[in-house]
Amino acid sequence: MVKVLVCVSAYLAGSIPFGYWAAKMAGVDITKKGSGNIGATNVLRTLGPSYAIPVLLLDFGKGALAAYAGLRYLGMGTVGALIVGALAIAGHNWSVFLGFRGGKGVAASAGVIMVAYPLLLSVAILVFVLVVALTRYVSLGSLVGAWSVFALSLVSRQDAITRIVVFVLASLITYQHRSNIGRLISGTETKVFAGKSRDSQ
């Protein structure tokens with residue numbers, strides 16, 4: 001019963017739409033601005049860093065908290081952290097409070113990986129920063145950062161289940177960025193700090 005409660009609570013905690021609520025405090029419906037996404041990047045584009053930074057930290061925190069609960073209560077080690085964390089990410093992406101709409105899960109995924117594999121997160125953040133610094137595409141940085149974690153899981157001493165879960169998380173981020181991928185291919189993706197964009201996390 002405890003394990004079931006942890007899993008359900010993780011999804012509900014992940015569903016908390018911090019970006020949506022933060023924008024509402026500013027009198028803005030974030031789902032009707034920019035990409036319509038509730039993530040930190042769309043909040044940054046719409047309302048600026050004073051709103052986006054708290055949203056980023058809160059989205060990161062709910063992923064980390066869920067992963068910690070999985071690590072402590074599921075009795076499966078880091079695999080439990082990844083599984084429960086994935087439920088929080090699912091809640092963020094398909095929030096029950098927003099009619100199963102939401103964000104793209106990048107910040108929440110980073111929170112999960114921080115608990116499960118902090119070294120891998122450090123590498124992913126470095127990759128993300130480098131890609132965004134070079135290209136100014138947040139979406140590309142998110143995608144390359146996510147897949148760098150999976151690549152590292154393959155060359156490090158991780159078990160098969162861990163690799164599968166990390167692959168699923170990276171695939172989920174990729175799926176959520178499918179529209180961004182199309183714009184990257186066509187050359188129409190807007191760069192960060194280059195005006196309003198449809199790119200968001």
Side-chain angles (χ1 to χ4, degrees), residues 11-64 66 85-86 88-114 121 124-125 127-129 131-147 169-201:
Y11 171 76
L12 292 176
S15 291
I16 299 173
F18 291 116
Y20 179 81
W21 289 349
K24 276 294 185 183
M25 291 174 61
V28 173
D29 184 349
I30 198 67
T31 64
K32 296 180 181 178
K33 297 290 184 178
S35 65
N37 197 272
I38 67 167
T41 302
N42 198 34
V43 174
L44 175 64
R45 296 287 189 182
T46 305
L47 298 170
S50 62
Y51 285 88
I53 291 174
V55 169
L56 176 66
L57 294 175
L58 288 168
D59 286 345
F60 179 91
K62 64 188 181 184
I89 295 166
H92 176 78
N93 292 349
W94 299 286
S95 172
V96 68
F97 303 118
L98 295 177
F100 300 100
R101 296 175 298 161
K104 295 187 178 180
V106 176
S109 295
V112 173
I113 297 300
M114 184 196 72
L121 177 64
I125 291 175
V127 170
F128 172 84
V129 171
V131 172
V132 175
L134 291 172
T135 68
R136 294 201 301 169
Y137 290 127
V138 174
S139 55
L140 184 61
S142 299
L143 290 164
V144 177
W147 285 106
L169 293 181
S171 298
L172 182 59
I173 288 174
T174 302
Y175 175 78
Q176 291 296 91
H177 281 83
R178 59 195 182 279
S179 61
N180 302 84
I181 293 171
R183 292 194 294 273
L184 286 167
I185 293 172
S186 66
T188 58
E189 180 74 310
T190 308
K191 297 181 179 181
V192 69
F193 303 129
K196 292 185 178 180
S197 169
R198 292 166 292 182
D199 176 51
S200 67
Q201 289 182 26

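Being a predicted model, the structure only gives us computed values, none of them experimental. When a residue number appears, it is its place in the shown sequence, counting from 1.
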Polar side-chain atom of Asn42 near backbone of Lys33 as donor-acceptor pair, under 3.5 Å: yes
Test item: Ser95 side-chain N/O and Ser15 main-chain N/O as donor-acceptor pair under 3.5 Å: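 Yes: the side chain of Ser95 pairs with the backbone of Ser15.
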Flag the pair [X] / [Y] as yes when at least one side-chain heavy-atom distance between them is below 4.5 Å, and no otherwise.
X      : Y      : result
Phe18  : Ile38  : no
Val96  : Tyr11  : yes
Trp94  : Arg101 : no
Val106 : His177 : yes

Interatomic distance, [X] atom [atom1] to [Y] atom [atom2] [nearest 0.5 angstrom]:
X      : Y      : atom1 : atom2 : result
Lys104 : Arg178 : NZ    : CZ    : 8.5 Å
Leu98  : Asn93  : CG    : CG    : 12.0 Å
Leu121 : Phe60  : CG    : CZ    : 5.5 Å
Ile16  : Leu58  : CD1   : CG    : 9.0 Å
Leu47  : Ile30  : CG    : CD1   : 5.5 Å
Leu172 : Ser109 : CG    : OG    : 6.5 Å

Tyr175 atom OH: more than 12 heavy-atom contacts under 6.0 Å: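 Counting neighbours around OH of Tyr175, 12 or fewer heavy atoms of other residues, nucleotides or ligands fall under 6.0 Å, so no.
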Nearest non-hydrogen partners of [X] and [Y], listed with the distance:
X      : Y      : result
Ala146 : Ile173 : CB-CD1, 3.8 Å
Glu189 : Tyr137 : O-CE2, 3.2 Å
Pro49  : Pro54  : O-CD, 4.0 Å
Ser139 : Leu184 : OG-CD1, 3.8 Å
Met114 : Ala64  : CE-CB, 3.9 Å
Val55  : Ala22  : CG2-CB, 3.7 Å

ring-ring contact (aromatic ring centres under 6.0 Å, His included) partners for Trp147, two or more places apart: Phe150, Phe167
Pairwise side-chain hydrogen bond (donor to acceptor under 3.5 Å, both in side chains) hits with a residue in residues 22-31, at least two apart: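 The answer is Asp29-Thr31.
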Residue pairs involving residues 51-64 (criterion side-chain hydrogen bond (donor to acceptor under 3.5 Å, both in side chains); sequence neighbours excluded): Asp59-Lys62, Lys62-His92
